[in-house]
Amino acid sequence: MKIILTHEVSGLGAAGDVVDVKDGYARNYLVPRGFAIRWTKGGEKDVAQIRRARKIHEIATIEQANEIKAKLESVKVRLAVRSGDAGRLFGSVTPADIASAIKAAGGPDVDKRRVELGSPIKTLGGHQVSVRLHPEVAAKLGVEVVAA
């Protein structure tokens, strides 16, 4: 199935790209979550609009990405969440929580879709998180999860 990506999808492409994927992947995952729309002849107008919006929001050069990476890696991020006695969280820490914690700690504004968790964060303590700033640049960030 041919689709138009509306958001960056890791391993597939960036917003505005037209890609071919398996029907089930598009129908059951990409389209319902708003990551893509079905390709149509009229959808080509949407591609141009999506690409213009992407140009405004994306980090244009590797040098810019490296500057933001240095700022991110120097920020100490502490996230206070509710937890039980054994150190297990009620729920989990989401990429949106991490993005807002980075901003609250004085770091640069990061889009939640660029935050990549290796596995769901469900315990207290220190965790490593990756923030994809550019296709070639990713910042490794330490996040300290503490009890609220």
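Below, all heavy atoms of this structure are taken into account, side chains as well, without hydrogens, waters or symmetry copies.
- One finds the CG atom of Leu12 at 13.5 Å from the NE2 atom of His7 (value rounded to the nearest 0.5 Å).
- At a threshold of 4.0 Å, the pair Glu116-Arg132 counts as salt-bridged, since one of the basic side-chain nitrogens sits closer than that to a carboxylate oxygen.
- Within the structure, side chain to side chain donor-acceptor pair (under 3.5 Å) pairs that include any residue of residues 117-131 do not occur (at least two apart or interchain).
- A pairwise comparison of heavy atoms in Val145 and Val81 identifies CG1-CG2, 3.5 Å as the closest pair.
- To the nearest 0.5 Å, the span separating CD on Glu73 from CG on Asn66 amounts to 9.5 Å.
- Between atom NZ of residue Lys2 and atom CG of residue Asp20 there is a gap of 6.0 Å, rounded to the nearest 0.5 Å.
- No side-chain donor-acceptor contact under 3.5 Å links Asp17 to the backbone of Leu5.
- What you find for Lys103 and Asp109 is that their closest heavy atoms are CD-OD1, 3.8 Å.
- Under the side chain to side chain contact (heavy atoms under 4.5 Å, CB included) criterion, Ala80 pairs with Val146, Ala148, not counting sequence neighbours.
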Cut-off 3.5 Å, no hydrogens considered: what does the side-chain donor-acceptor table look like for residues 25-41, sequence neighbours left out?
unit_1	atom_1	unit_2	atom_2	d
Asn28	ND2	Gly24	O	3.3
Trp39	NE1	Glu44	OE2	2.5
Thr40	OG1	Gly43	N	3.0

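- Note: Leu141 CG to Lys76 NZ = 9.5 Å, rounded to the nearest 0.5 Å.
- Taking 4.5 Å as the limit, every side-chain heavy atom of Val18 sits out of range of all side-chain heavy atoms of Ile3.
- Between Glu8 and Arg114 there is a side-chain heavy-atom pair separated by less than 4.5 Å.
- Among all heavy-atom pairs drawn from Ser92 and Asp97, the shortest one is O-OD2, 4.1 Å.
- Scanning both residues, Leu117 and Pro95, for their nearest heavy atoms gives CD1-CD, 3.9 Å.
- Grouping the Ile, Leu, Val, Met, Phe, Trp and Tyr side chains by contacts below 4.5 angstrom, directly or via other members, places Ile102 with Leu79.
- Within the 4.5 Å cutoff, side-chain heavy atoms of Ile121 are placed close to those of Ile98.
- The two residues Ala15 and Thr6 make their nearest non-hydrogen contact at CB-O, 3.5 Å.
- The cluster map of Ile, Leu, Val, Met, Phe, Trp and Tyr, joined by side-chain heavy atoms under 4.5 Å apart, puts Val93 and Leu72 in the same cluster.
- Across every non-hydrogen atom of Leu124 and Ala147, the tightest pair is CD2-N, 3.7 Å.
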